[in-house]
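Residues: numbered from 1 along the sequence shown.
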Amino acid sequence: PLDLLKTRLQQPKHANAGVRAALNAVLQTDGLTGLWRGLSPSLFRILPGSGSYFSSLHLLQSTFVPSHRRPNKMENFLLGTTARSVGTMVVLPATVLKTRMESSDVAFRGLRASLGETLRREGWRGLWSGALPTLARDAPFSGLYLLMYRGLLGRLIPDSSSPEGLRVKFLRLLSALTAGMAATAATHPFDVVKTRVQLRPSTEGGLVTSLVRLGRQEGLRGLYRGFLLRAFRRAALLGLTWSLFHEINLRLSLPNSSS
């Protein structure tokens, strides 16, 4: 529901609407289940997306960073950026379909109908609409996130061999939440542009054109439409994901798990 409401707020036709107005509009037209429109492509996006991201991250770190030390700041940024770029391109078609199913401008609800309409109107190329703004959002987001997350962990838990007690788990979760909020704030304008380009690829233009137009017409408020919804969702999701990822690493005794 948070993702759907964010998409609605980022549509030009809802530029002056608030979260409550967007929520009421969804409930009036689609009912309670309407808040879960786009769930199926979201699952297709999250499962292989997370898998490819963490696999790429682990492979890159194991290959380029010696196991006897932690990655430095630049290495963390490059690891996060590169791994997320791979994951983003793998699941971009699902991202496009999800965004369009969540929009109030489309009548179809199912994944098959969304896919068929996209292919009929734009061909296979339509499934990669907004690739550049999506990469501009995801790659630096993950680079900044990994840099800040591991930087905070190094300060809060300087001894990586500390027992995994409740305090360490809390500090790990706190680091993930803080890094997630900060990285979201730094990259959110690209998220707004990504949404608009994927919904109106024939009129929005490229990344720079759309970004400049958005800034001129709607100002800072327009660049941060739906920010709180995305920040809450991303921070909570990353906090849970990275905490679970670390626990799994420890139990499987994977190399570099302490980093």
Charged tip of Arg234 within 45° of Tyr145 ring normal and under 6.0 Å: no
Ignoring hydrogens and angles, tell me if any N or O in the side chain of Gln11 forms a donor-acceptor pair with the backbone of Ser104 under 3.5 Å. yes
Taking Leu244 as the starting point, is it possible to reach Tyr53 by hopping between hydrophobic residues whose side chains are less than 4.5 Å apart? no
Min side-chain heavy-atom separation Leu223-Leu211 under 4.5 Å: yes
Kindly indicate whether the side chain of Ser85, heavy atoms from C-beta on, has any atom under 4.5 Å from the side chain of Leu135. yes
Taking Ser52 for the side chain and Gly49 for the main chain, is one N or O donor matched with an acceptor at less than 3.5 Å? yes
salt_bridge(Lys169, Glu247) N-O dist < 4.0 Å: yes
Non-hydrogen atoms of Leu32 and Leu27 that approach each other most closely: CA-CD2, 3.9 Å
Donor-acceptor contact below 3.5 Å, side chain Thr99 vs main chain Thr95: yes
Quick one, Thr195 with Lys6, criterion side chain to side chain contact (heavy atoms under 4.5 Å, CB included). Give me CA distance, side-chain angles, the key distance, then yes/no. CA-CA 10 Å; Thr195 297; Lys6 174 188 71 72; 4.2 Å; yes
Min side-chain heavy-atom separation Leu146-Leu57 under 4.5 Å: yes
Measure the CG-NE2 distance between Leu60 and His58 for me, rounded to the nearest 0.5 Å. 10.5 Å
Which is it for Arg213 and Glu204 under the salt bridge (charged side-chain N to carboxylate O under 4.0 Å, His left out) test, yes or no, and what are the steps along the way? CA-CA 9 Å; Arg213 183 192 303 117; Glu204 278 296 322; 3.3 Å; yes
When clusters are formed by joining ILVMFWY residues with side-chain heavy atoms under 4.5 Å apart, either directly or through shared neighbours, do Ile157 and Leu174 land in the same one? yes
Could you tell me whether the side chain of Ser243 and the main chain of Leu240 form a donor-acceptor pair under 3.5 Å? no
Should the pair Arg69-Glu75 be classified as a salt bridge under the 4.0 Å nitrogen-to-oxygen rule? yes
Would you mind checking if Arg200 and Asp105 are paired as a salt bridge, meaning a charged N to carboxylate O distance below 4.0 Å? no
Between Leu43 and Pro48, which heavy-atom pair has the shortest distance, and what is it? O-CD, 4.0 Å
Rounded to the nearest 0.5 Å, what separation is found between the OG atom of Ser42 and the CG atom of Asp3? 6.0 Å
Whether Phe54 and Trp242 hold their rings parallel, tilted or perpendicular, with breakpoints at 30° and 60°: perpendicular
Distance-only, no hydrogens or angles: does the Arg100 side chain make a donor-acceptor pair with backbone N or O of Gln198 under 3.5 Å? yes
Heavy-atom closest contact (Pro71 atom, Arg150 atom, distance): CG-NH1, 3.7 Å
Point-to-point distance, once rounded to the nearest 0.5 Å, from CG of Leu238 to CZ of Phe245: 12.5 Å
Spacing of Arg37 atom CZ and Thr7 atom OG1 [to the nearest 0.5 Å]: 10.5 Å
Give a yes or no on whether the backbone of Glu102 and the side-chain of Arg8 come within a donor-acceptor separation of less than 3.5 Å. yes
Transitively linked via ILVMFWY side-chain contacts under 4.5 Å: Val192 with Leu228? yes
Contact check, side chains of Leu156 and Ser175, non-hydrogen atoms, under 4.5 Å: yes
In Å, rounded to the nearest 0.5 Å, how long is the span from CG of Leu79 to CZ of Phe64? 9.0 Å
Does Glu117 come within less than 4.0 Å of Arg120, counting only side-chain N to carboxylate O? yes
Partner of Arg45 under side chain to side chain contact (heavy atoms under 4.5 Å, CB included), chosen from Val91, Leu92, Leu97, Thr88: Val91
Closest non-hydrogen atom pair between Lys194 and Arg137, with its separation: CE-NH1, 3.5 Å
Applying the 4.5 Å side-chain criterion to the ILVMFWY set and letting contacts propagate, would Leu39 and Ile46 be lumped into a single cluster? no
Test your reading of the model: is there a side-chain donor-acceptor pair from Tyr224 to the backbone of Ala185, 3.5 Å cut-off? yes
Determine whether Leu199 and Gln10 make a side-chain contact, defined as any pair of heavy atoms from C-beta on separated by less than 4.5 Å. no
Quick one: does Ser114's side chain have a donor or acceptor within less than 3.5 Å of a partner on Gly110's backbone? no
Check whether any side-chain heavy atom of Arg230 lies under 4.5 Å from a side-chain heavy atom of Thr187, and answer yes or no. yes
Determine, using the 4.5 Å side-chain heavy-atom cutoff (strictly less than), whether Phe77 and Tyr149 are members of one ILVMFWY cluster. no
Interatomic distance, CH2@Trp124 vs OG1@Thr118, rounded to 0.5 Å, equals 11.0 Å
Trace of the side chain to side chain contact (heavy atoms under 4.5 Å, CB included) decision for Phe232 with Met181: CA-CA 8 Å; Phe232 179 78; Met181 291 288 286; over 6 Å; no
Does any part of the side chain of Trp128, heavy atoms only, come nearer than 4.5 Å to the side chain of Val96, both counted from C-beta? no
Kindly determine whether Phe227 and Thr184 satisfy side chain to side chain contact (heavy atoms under 4.5 Å, CB included), including the steps that lead there. CA-CA 8 Å; Phe227 168 71; Thr184 299; 3.7 Å; yes
Taking all heavy atoms of Ala183 and all of Leu144, pick out the closest pair and write down the distance. CB-CB, 4.3 Å
Val86 and Ser56: which non-hydrogen atoms are nearest, and at how many Å? CG1-OG, 3.7 Å
Just do the side chain to side chain contact (heavy atoms under 4.5 Å, CB included) check on Leu153 and Leu171 with the steps written out, would you? CA-CA 7 Å; Leu153 277 184; Leu171 292 176; 5.7 Å; no
Inspect the contact between Asp191 and Arg196 and indicate whether a charged nitrogen and a carboxylate oxygen are less than 4.0 angstrom apart. no
Does any non-hydrogen side-chain atom of Ser142 lie less than 4.5 Å from one of Thr81? no
